Amino acid sequence: MILEVFGLTKHFGGLKAVNNVELQVEKASIHSIIGPNGAGKTTLFNLITGAIAPISGKVFFKGREVTGWSPERLARTGVARTFQRTSIFRALTVLENVALAIRSREGTSASVWQPTEREEAVVADARDILDKVMLRGREEVKAGNLAHGYQRSLDIAIGLALKPDLILMDEPLAGMSRGDRETIAALITMLRDTLGLTIVVVEHDVGMVMRLSDRITVMQHGAVIADATPEEIRGNEVVRKAYLHGSFAQ
Ligand SMILES: Nc1ncnc2c1ncn2[C@@H]1O[C@H](COP(=O)(O)OP(=O)(O)OP(=O)(O)O)[C@@H](O)[C@H]1O
Ligand SMILES: [Mg+2]
């Protein structure tokens, strides 16, 4: 297991946004988290990535307790994330966006004092990542002018700039055309199969989740109500009744 979560809990006032959640994520797998709006999926990501602190519970990454670590420290240890809304800099080019992420990983900033060789290495690294996410040829395009699907790919590229072992993606397929969803799904599969990355995905497109995932955790009202393979989830009556309303009938 690369990621293990025990009894993770976060309340907002009286609301149990995340309540005693257990999660086990196997290395080099695609593990999806599904559940209705407000189930606590994004809050769970915020807790795992250190954006907010839990009131109780523990998070282990590669067997080491990382509960309460800052997002920056976790990123340096190999945990990256993409957001429900993209985090790209729209006024910068595609290449600049990735180069910026690489520099932030290295704790350096763009400056006139930066040695040229270092800058060249950053750019080469950025191009290499853009190749992986199929953005080659779009390096000089302003990120804000990219089509929606490519903005998502760029988001993933920015995550990859941290050289993560684990990447958490919050709704990477949201608001995309069918074709773009297929492209991103193929990209996610490639990250697992070619780079050996572990990907935890929050996603509402249940059909895609079924095809993509090695394992699925279902949340409702802040709690885990099921955790199983796609096949088992498909046949799970509790999940069906609580949330899916027959959307597996396809
Ligand atoms: N900072 C906050 N302060 C107060 N309540 C919050 C906060 N963040 C989230 N919540 C509440 O916690 C619950 C879980 O929210 P969360 O965003 O984790 O759900 P979600 O499963 O990601 O939903 P969606 O599918 O709509 O993205 C919701 O009721 C939400 O309104
Ligand atoms: Mg959410």
Side-chain angles (χ1 to χ4, degrees), residues 3-25 30-59 66-72 74 79-88 148-149 151-152 155-156 158-159 166-177 180-181 184-185 188 198-213 215-228 230 233 236 238-248:
L3 175 71
E4 293 171 287
V5 166
F6 301 104
L8 210 55
T9 299
K10 176 73 189 180
H11 298 171
F12 294 113
L15 177 78
K16 295 175 176 177
V18 169
N19 200 25
N20 204 21
V21 164
E22 309 273 324
L23 185 67
Q24 306 273 319
V25 177
I30 297 172
H31 190 127
S32 295
I33 298 176
I34 63 172
N37 294 120
K41 306 177 299 291
T42 297
T43 305
L44 177 62
F45 269 21
N46 287 337
L47 292 168
I48 292 171
T49 57
I52 58 174
I55 57 170
S56 59
K58 289 185 173 177
V59 180
V66 297
T67 320
W69 284 27
S70 70
E72 295 73 25
L74 277 164
V79 181
R81 91 182 278 192
T82 67
F83 290 86
Q84 199 161 346
R85 293 201 178 80
T86 78
S87 53
I88 59 175
H148 192 65
Q151 291 191 3
R152 277 286 162 194
D155 242 356
I156 294 171
I158 290 168
L166 170 68
I167 183 160
L168 296 100
M169 299 184 185
D170 200 348
E171 302 196 25
L173 311 177
M176 294 188 129
S177 68
D180 285 346
R181 285 209 297 272
I184 299 296
I188 292 171
T198 309
I199 305 105
V200 181
V201 192
V202 165
E203 188 44 59
H204 283 291
D205 180 343
V206 170
M208 194 61 97
V209 163
M210 286 292 163
R211 280 170 44 203
L212 201 60
S213 312
R215 199 162 181 90
I216 299 173
T217 298
V218 187
M219 289 183 72
Q220 187 187 28
H221 303 311
V224 172
I225 60 164
D227 181 280
I233 292 291
N236 184 313
V238 175
V239 174
R240 206 181 277 267
K241 283 212 179 84
Y243 154 59
L244 292 160
H245 306 297
S247 60
F248 289 168

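Counting starts at 1 for both ligands and their atoms, following the listed order. Note that this is a predicted model, so its numbers are computed, not measured. In what follows, every heavy atom counts, from backbone to side chain, and hydrogens, waters and symmetry copies are set aside. Along the sequence shown, residues carry numbers from 1.
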Residues Phe6 and Gln24: closest non-hydrogen pair is CE2-NE2, 3.5 Å

Would you mind running through ligand 1 and noting each atom that sits below 4.0 Å from a heavy atom of Asn37?
23 (O), 24 (P), 25 (O), 26 (O)

Proximity of Met219 to ligand 1 by residue part, where a heavy atom lies under 4.0 Å
neither

Quick one: which of Val18, Thr43, Ile34 has a heavy atom closest to atom 16 (P) of ligand 1?
Thr43

Could you tell me, atom by atom, which parts of ligand 1 come under 4.0 Å of a heavy atom of His204?
25 (O)

So which of Val209, Ile34, Asn37, Leu173 actually passes side chain to side chain contact (heavy atoms under 4.5 Å, CB included) with His204?
Asn37

If you count the non-hydrogen atoms of other residues, nucleotides and ligands that lie under 6.0 Å from NE2 in His221, is the total more than 12?
no

Run the side chain to side chain contact (heavy atoms under 4.5 Å, CB included) test against Glu72 and tell me which residues pass, sequence neighbours left out.
Ser70, Arg76

Between ligand 1 and Ala17, is the shortest N or O to N or O distance under 3.5 Å?
no

Does Asp170 come within less than 4.0 Å of Lys41, counting only side-chain N to carboxylate O?
no

Taking 4.0 Å as the limit for heavy-atom contacts, which would you say applies to Leu15 with ligand 1: side chain only, backbone only, both, or neither?
side chain

Determine, using heavy atoms of Gly40 and all atoms of ligand 1, whether some pair is separated by less than 4.0 Å.
yes

Quick check: Gly38 and ligand 1, any N/O pair under 3.5 Å apart?
yes

Is Thr43 close enough to the Mg ion (ligand 2) to have an N, O or S atom under 2.8 Å?
no

Can you see which heavy atom on Val202 is nearest to which on Pro172, and at what distance?
O-CD, 3.5 Å

List every atom of ligand 1 that sits less than 4.0 Å from any heavy atom of Glu171, numbering the atoms from 1 in the order shown and giving each element.
25 (O), 27 (O)

What I want to know is whether Ala39 and ligand 1 share at least one N or O pair that is separated by under 3.5 angstrom.
yes

Ionic contact status for Asp205 with Arg181, cut-off 4.0 Å:
yes

Among residues at least two apart in sequence or on other chains, which ones pass side chain to side chain donor-acceptor pair (under 3.5 Å) with Thr43?
none

